[in-house]
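Working notes, structure below.
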Amino acid sequence: MESKISIFLPTYNLCNLLVLVFFCFAACPSLGRLSFNFYATSCPAAELMVSNTVRAASSNDPTIPGKLLRLLFHDCFVEGCDASVLLQGNGTERSDPANTSLGGFSVIDSAKRVLEIFCPGTVSCADIIALAARDAVAIAGGPAFQIPTGRKDGRISNSVNVRPNIVDTSFTMDEMIKLFNSKGLSLDDLVTLSGAHTIGLAHCSAFSDRFQQDSKGKLRLVDTSLDITYAKELSKKCPAGGSSTSNTVSNDPETSFAFDNQYYGNLLAHKGLFQSDSVLLEDGRTRKQVEEFANNEERFFRSWGESFLKLTTIEVKTDNEGEIRQSCSFTN
């Protein structure tokens, strides 16, 4: 399907932006430690440099926005938004099997190299990840808005912290709620941030247990909440039971590279790719919000801005709690 990536960034008007700022001061406990336009004096073009890097990479590879958005989630949910997921080495978060399929590292590294030329030792890798994910959403057709900056890079990255802190695609609603609440995120945030699956790719192994094929190729649904026709399409892309570690499919089969509300329409049609997607429709606590977002993209975008601000302020490190890495892959 043709990409809907646009060169124009939709922006909130001043009134909406002020609402977002007010909301986050009330709902984001870490915002007070960050600030808008943090680099206005020290590196005025910092955000533009990141945006240009993301735009150039996305024009060459339309899967980049989805990769950058996923990278942000895996960073912020483990040790907070501190770029700990970027650190290389044995036993780091990046080395954990749950993170081996992450992408977008080269984009972050490219932005960091440019920033180190013009503003050495100034812009953190943690801020680059947050800004890059925000810009990736806008470049893919989603909302654009300001986010606070001033994060420091963490010095700790342990693989043992990964699995207990990220959502598995087989999670139940209660398991997801418990994890999101532990990060200061509400049930509304859970439904809204799940909309990240409107872009991006998934490996067959992440959903292959939802259906089975017998020796004659006949399909049987293990998860009956999945549309049978959609399951048949998935089984063709994921042969041999979908266990391949290399085959991938689009999270959103309708508008694969566009950040829109189609994800929620897919859920209503029982075409959520993961079990953790489908439960949003099945559970009475979240069904109404799914229906609302499916029918009102503007409402989804507004909610996305609020929840994204909360996501990017999870357990941030400031002042002496972290550092500004010279290389995003290694501590100083």
| query | Can Gln275 and Ser170 be said to form a side chain to side chain donor-acceptor pair (under 3.5 Å), step by step? | reply | CA-CA 5 Å; Gln275 180 181 319; Ser170 63; 5.7 Å; no
| query | Would Trp304 and Phe259 count as a side chain to side chain contact (heavy atoms under 4.5 Å, CB included) if you check the C-alpha gap in whole Å, the side-chain angles of each, and the deciding distance to 0.1 Å? | reply | CA-CA 11 Å; Trp304 175 265; Phe259 192 94; 3.7 Å; yes
| message | Apply side chain to side chain contact (heavy atoms under 4.5 Å, CB included) to residues Asp135 and Arg55 and explain how you reach the verdict. | response | CA-CA 8 Å; Asp135 294 338; Arg55 184 179 299 282; over 6 Å; no
| task | Go through the steps for Asp174 and Thr172 under the test side chain to side chain donor-acceptor pair (under 3.5 Å), then give the verdict. | result | CA-CA 5 Å; Asp174 287 338; Thr172 64; 5.4 Å; no
| task | Give the intermediate values and the outcome of salt bridge (Lys or Arg N to Asp or Glu O under 4.0 Å) for residues Lys237 and Glu233. | result | CA-CA 7 Å; Lys237 297 177 180 178; Glu233 294 173 359; 5.7 Å; no
| task | Walk me through it: do Leu187 and Arg285 pass the test side chain to side chain contact (heavy atoms under 4.5 Å, CB included)? | result | CA-CA 8 Å; Leu187 185 62; Arg285 291 169 289 183; 3.8 Å; yes
| task | Start with the C-alpha distance between Thr149 and Ser35, add both sets of side-chain angles, then the distance that settles side chain to side chain contact (heavy atoms under 4.5 Å, CB included), and finish with yes or no. | result | CA-CA 6 Å; Thr149 44; Ser35 62; 5.7 Å; no
| query | Taking it one step at a time, do Ser157 and Ser84 satisfy side chain to side chain donor-acceptor pair (under 3.5 Å)? | reply | CA-CA 5 Å; Ser157 182; Ser84 55; 5.0 Å; no
| request: Start with the C-alpha gap between Lys112 and Glu116, add the side-chain angles, then the distance that decides, and say whether salt bridge (Lys or Arg N to Asp or Glu O under 4.0 Å) holds. | output: CA-CA 6 Å; Lys112 179 62 172 176; Glu116 284 300 304; 2.9 Å; yes
| task | Let me see the working for Lys152 and Asp319 under salt bridge (Lys or Arg N to Asp or Glu O under 4.0 Å), right down to the final yes or no. | result | CA-CA 7 Å; Lys152 289 291 183 67; Asp319 302 325; 5.6 Å; no
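Tracing side-chain contacts under 4.5 Å through hydrophobic residues (I, L, V, M, F, W, Y), one never reaches Ile147 starting from Leu48; they form parts of separate clusters. Grouping the Ile, Leu, Val, Met, Phe, Trp and Tyr side chains by contacts below 4.5 angstrom, directly or via other members, places Leu221 with Leu234. Cluster membership check: Phe105 does not share its hydrophobic cluster with Leu87, using side-chain heavy-atom separations under 4.5 Å among Ile, Leu, Val, Met, Phe, Trp and Tyr. By the rule that hydrophobic residues join a cluster once side-chain heavy atoms approach within less than 4.5 Å of another member, Leu72 and Leu201 end up as members of separate clusters. Criterion: ILVMFWY side-chain heavy atoms under 4.5 Å apart, direct or through other members. Under it, Val167 and Val160 are not part of a common hydrophobic cluster.
Stacking of Arg210 on the aromatic ring of Phe274 is not recorded, the 6.0 Å distance cut-off and the 45° axial limit not both being met.
The two atoms that bring His270 and Tyr230 nearest to each other are O-CD2, 4.5 Å, heavy atoms only. Considering every non-hydrogen atom in both Ile324 and Arg151, the closest pair reads CD1-O, 4.5 Å. Closest approach of Gly150 to Leu34, counting heavy atoms only: C-CD2, 3.6 Å. Taking both residues in full, the closest heavy atoms of Val123 and Tyr39 are given as CA-OH, 3.6 Å, listed atom of the first, atom of the second, then distance. When all heavy atoms of Phe73 and Leu193 are compared, the pair lying nearest together is CZ-O, 3.7 Å. Contact detail for Asn251 and His197: the closest heavy-atom pair is CB-O, 3.0 Å.
Between Val191 and Val290 the shortest side-chain heavy-atom distance falls below 4.5 Å. Taking 4.5 Å as the limit, some side-chain heavy atom of His74 sits within range of a side-chain heavy atom of Ile166. Between Val137 and Pro143 the shortest side-chain heavy-atom distance falls below 4.5 Å. By the 4.5 Å heavy-atom criterion applied to side chains, Thr63 and Phe257 are counted as neighbours. Using a 4.5 Å cut-off on side-chain heavy atoms (C-beta onward), Leu185 and Ser307 make no contact. Thr92 places none of its side-chain heavy atoms less than 4.5 Å from the side chain of Asn158. Within the 4.5 Å cutoff, side-chain heavy atoms of Glu321 are placed close to those of Arg33.
Side chain to side chain, Thr198 and Gln262 fail the donor-acceptor criterion of an N or O pair below 3.5 Å. For the 3.5 Å distance criterion, the side chains of Asp188 and Ser186 fail to qualify, holding no donor opposite an acceptor. For the residue pair Asn296/Asn261, the side-chain donor-acceptor check at 3.5 Å is not satisfied.
Judged by distance alone, with hydrogens and angles left aside, the side-chain atoms of Ser51 form no donor-acceptor pair with the main-chain N or O of Glu47 at under 3.5 Å. For the pair Asp153 (side chain) and Gly322 (backbone), a donor-acceptor distance under 3.5 Å is absent. Listed for the Lys183 side chain is a donor-acceptor partner under 3.5 Å among the backbone atoms of Phe77. At least one donor-acceptor pair closer than 3.5 Å links the side chain of Arg94 to the backbone N or O of Leu86. When atom types are taken as modelled, the side chain of Asp61 and the backbone of Ala57 share no donor-acceptor pair closer than 3.5 angstrom. Remark: the backbone N or O of Ala83 is paired with a side-chain donor or acceptor of Arg325 at under 3.5 angstrom. Distance alone, capped at 3.5 Å, places no donor-acceptor pair between the Thr53 side chain and the Ser110 backbone. Judged purely by atom type and a 3.5 angstrom limit, Ser124 uses its side chain to pair as donor or acceptor with the backbone of Asp127. Judged by distance alone, with hydrogens and angles left aside, the side-chain atoms of Asn332 form a donor-acceptor pair with the main-chain N or O of Gln326 at under 3.5 Å. When atom types are taken as modelled, the side chain of Asn99 and the backbone of Glu93 share a donor-acceptor pair closer than 3.5 angstrom.
Rounding to the nearest 0.5 angstrom, the gap separating the CG atom in Asp75 from the CD1 atom in Ile108 is 9.5 Å. Taken from OG in Ser303 to CG in Asp189, the straight-line distance is 7.0 Å, to the nearest 0.5 Å. Atom CD1 of Ile128 and atom CG of Leu115 lie 5.0 Å apart (nearest 0.5 Å). Interatomic distance, Thr286 OG1 to Met176 CE, rounded to the nearest 0.5 Å: 7.5 Å. Note that SG of Cys238 is 5.5 Å distant from CZ of Phe211, once rounded to the nearest 0.5 Å. Put simply, CG on Asn60 and OG on Ser58 are 9.0 Å apart, with the number rounded to the nearest 0.5 Å.
A salt bridge between Asp227 and Lys232 is absent, with no side-chain N of the basic residue lying under 4.0 Å from a carboxylate O of the acidic one. Ion pair Arg299/Glu292 flagged as a salt bridge, since at least one NZ, NE, NH1 or NH2 atom sits closer than 4.0 Å to an Asp/Glu carboxylate oxygen. At a threshold of 4.0 Å, the pair Arg302-Glu306 does not count as salt-bridged, since none of the basic side-chain nitrogens sits closer than that to a carboxylate oxygen.
Tested against Phe300, the residues Tyr264, Phe308, Tyr263 include a single ring-ring contact (aromatic ring centres under 6.0 Å, His included) partner, Tyr264.
Centroid-to-centroid, the aromatic rings of Phe145 and Phe36 stay 6.0 Å apart or farther.
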